[in-house]
Amino acid sequence: MPFINAKDGTRLFYKDWGQGQPVVFSHGWPQNADAFDDQMLFLGSRGFRCIAHDRRGHGRSDQPWQGYDYDTFADDLLAIVEELDLHDVIHVGHAMGGAEIVRYIARHGGKRVSKVVLVATVLPIMLRSAANPFGRELAEFDELRGRLVLNRSQFLRDIAAWFYGTSRDDAEISQGISDAFWRQGMQAGLKAIYDCIATFSETDLTEDMKSIGVPTLFLHGSDDRFCPAEGSALLAAECVKGAELKIYQGAGHGICLMEKDCINSDLLVFMTPLQE
């Protein structure tokens with residue numbers, strides 16, 4: 001399997017499909033690069049080079065004890081971009097993967113970045129505050145940590161419906177989707193997904209977003225139970241000059257899979273002008 005070494009020696013697994021302008025995907029918690037297979041197959045078949053890595057501690061990458069913060073994730077992303085010598089990159093991130101991209105640009109500059117897509121974003125910060133009255137209380141994330149430590153396997157089974165479903169009473173997800181989510185979560189290290197809860201919920205990236213100077217697209221579900229749009233995409237899009245925001249009515253958090261046809265089409269439209 002292909003690996004790239006991070007600056008601390010952590011091995012990062014990646015997949016590299018297709019040829020053309022590079023599209024680099026950063027996955028959400030607690031998944032891995034497989035979460036973007038539908039987008040990679042679609043765009044890879046249409047003239048793009050699609051690259052996705054398993055975040056440290058997730059999937060097939062190494063599972064070190066520490067380093068589950070956005071600075072380290074941004075450094076890992078830089079290692080991928082530099083090792084593969086990528087330029088004119090379109091970055092696509094789901095949930096905390098989008099926050100990883102934003103910190104990468106703020107920390108390392110955007111000279112290799114051409115466009116950014118932030119899907120079901122956790123930006124600017126998930127915790128409730130005066131600036132974000134639609135955020136969540138710290139006690140909710142403490143509960144997540146407690147349930148994770150008590151029984152990780154059952155916890156992942158339980159939150160799959162929350163991740164892919166909606167707040168509608170009739171919302172259902174297939175057993176296959178639930179199983180795939182459970183598999184990816186179980187491939188991750190317990191320490192990694194435990195530490196990442198604090199990272200994605202408590203890190204304020206408001207100032208980081210001001211570093212984005214390229215065309216940016218936000219895609220979000222109107223019924224996202226994990227990151228309600230009022231406390232995330234609607235606020236975050238205002239922090240990025242000229243950002244475009246598209247809301248998928250009735251859609252939940254896992255829209256890369258549940259709304260894949262619409263997502264794929266919108267990604268292609270957003271990316272294609274650079275191919276002309």
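Residues F13 and P2 form a side-chain contact, since some pair of their non-hydrogen atoms from C-beta on lies under 4.5 Å apart. Contact of the M271 side chain with the V23 side chain is registered, since non-hydrogen atoms from C-beta on lie closer than 4.5 Å. Residues Q39 and C50 fail the side-chain proximity criterion, which asks for heavy atoms closer than 4.5 Å. For the pair L12 and R56, the minimum side-chain heavy-atom distance is below 4.5 Å. Under the 4.5 Å side-chain criterion, counting only non-hydrogen atoms from C-beta, L43 is in contact with L268. Looking at heavy atoms from C-beta onward, R49 lies in side-chain contact with L84 at the 4.5 angstrom threshold. Considering only heavy atoms from C-beta on, H58 comes within 4.5 Å of I193 through its side chain.
Scanning both residues, I4 and Y14, for their nearest heavy atoms gives CG1-CE2, 3.6 Å. Listed here is the closest heavy atom pair of H220 and A233: ND1-CB, 3.4 Å. When every heavy atom of Q31 is checked against every heavy atom of Q184, the shortest pair comes out as CB-OE1, 3.1 Å. What you find for G57 and P64 is that their closest heavy atoms are N-CD, 4.4 Å. The two residues F181 and A160 have their closest heavy-atom pair at CD2-CB, 3.8 Å. Heavy-atom minimum distance, G93 versus I101: N-CD1, 3.4 Å.
How far CG of N132 is from CE of M126: 9.5 Å, rounded to the nearest 0.5 Å. Rounded to the nearest 0.5 Å, atoms NE2 (H53) and CG (D16) are 13.5 Å apart. The structure places CD of E140 at 7.0 Å from CZ of R128, a figure rounded to the nearest 0.5 Å. Distance check: K15 NZ to D54 CG gives 7.5 Å after rounding to the nearest 0.5 Å. Annotation: the span from L123 atom CG to D204 atom CG amounts to 9.5 Å, rounded to 0.5 Å. In this structure, CD on Q21 lies 9.5 Å from OG1 on T272, to the nearest 0.5 angstrom.
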- [ ] Apply the test side chain to side chain contact (heavy atoms under 4.5 Å, CB included) to residues V24 and L77: give CA-CA distance (whole Å), side-chain angles for both, the deciding distance (0.1 Å), then the verdict.
- [x] CA-CA 9 Å; V24 176; L77 184 55; 3.9 Å; yes
Open item on the list: R147 vs I159, test: side chain to side chain contact (heavy atoms under 4.5 Å, CB included). Steps then yes/no.
Closed with: CA-CA 10 Å; R147 292 171 59 192; I159 67 168; 4.3 Å; yes
Open item on the list: Quick one, T206 with C239, criterion side chain to side chain contact (heavy atoms under 4.5 Å, CB included). Give me CA distance, side-chain angles, the key distance, then yes/no.
Closed with: CA-CA 7 Å; T206 302; C239 298; 4.2 Å; yes
Task: Residue pair L78, Y104: steps toward the side chain to side chain contact (heavy atoms under 4.5 Å, CB included) verdict - done: CA-CA 7 Å; L78 178 66; Y104 163 75; 3.9 Å; yes
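Under 4.0 Å is where a charged nitrogen must lie from a carboxylate oxygen, and between K111 and D88 no such pair does. The pair R55-D76 does not meet the salt-bridge criterion, since no charged nitrogen lies less than 4.0 angstrom from a carboxylate oxygen. With respect to R107 and D208, no salt bridge is recorded, no charged nitrogen being found less than 4.0 Å from a carboxylate O. Ion pair D69/R103 not flagged as a salt bridge, since none of the NZ, NE, NH1 or NH2 atoms sits closer than 4.0 Å to an Asp/Glu carboxylate oxygen.
Counting heavy atoms of neighbouring residues, nucleotides and ligands inside a 6.0 Å radius, atom CD of E202 exceeds 12 of them.
Clustering ILVMFWY residues whenever any of their side-chain heavy atoms sit less than 4.5 angstrom apart, transitively, puts L156 in the very cluster that holds I177. Criterion: ILVMFWY side-chain heavy atoms under 4.5 Å apart, direct or through other members. Under it, F218 and F134 are not part of a common hydrophobic cluster. Cluster annotation: F42 and I255 are assigned to the same hydrophobic cluster (Ile/Leu/Val/Met/Phe/Trp/Tyr, side-chain heavy-atom contacts under 4.5 Å, transitive). Hydrophobic clustering (ILVMFWY, side-chain heavy atoms < 4.5 Å, transitive): L245 and V240 are in one cluster. M96 and L148 fall within a single hydrophobic cluster, where Ile, Leu, Val, Met, Phe, Trp and Tyr side chains are chained together by heavy-atom contacts under 4.5 Å.
Remark: the backbone N or O of A192 is not paired with any side-chain donor or acceptor of Q63 at under 3.5 angstrom. Using a distance-only test at 3.5 Å, with no hydrogens or angles considered, no donor-acceptor pair links the side chain of S153 to the main chain of N151. The main-chain N or O of D34 is found under 3.5 Å from a side-chain atom of N32 such that the two form a donor-acceptor pair. H91 places no side-chain N or O within 3.5 Å of a backbone atom of S26 that could act as its donor or acceptor partner. Not a single donor-acceptor pair under 3.5 Å links the side chain of T72 to the backbone N or O of Y68. Judged by distance alone, with hydrogens and angles left aside, the side-chain atoms of S232 form a donor-acceptor pair with the main-chain N or O of P228 at under 3.5 Å. Not a single donor-acceptor pair under 3.5 Å links the side chain of R136 to the backbone N or O of F141.
Taking the six-membered ring where tryptophan is involved, the planes of H253 and F163 are perpendicular, since the angle between them exceeds 60° and thus also 30°. Ring-plane geometry between W162 and F226 is classed as perpendicular, the angle between the planes exceeding 60 degrees on a 0 to 90 degree scale with a lower cut at 30. Using the six-membered ring where Trp is involved, F73 and Y70 have ring planes that are perpendicular, over 60° apart on the 30 and 60° scheme.
No option in D37, D38, D266 other than D38 meets the salt bridge (Lys or Arg N to Asp or Glu O under 4.0 Å) test with K260.
Cation-pi geometry between K115 and F270 is satisfied (NZ or CZ under 6.0 Å from the ring centre, within 45° of the ring normal).
For the residue pair H108/D75, the side-chain donor-acceptor check at 3.5 Å is satisfied.
In terms of the ring-ring contact (aromatic ring centres under 6.0 Å, His included) criterion, residue partners of W29 (sequence neighbours excluded) are, by chain and number, F200.
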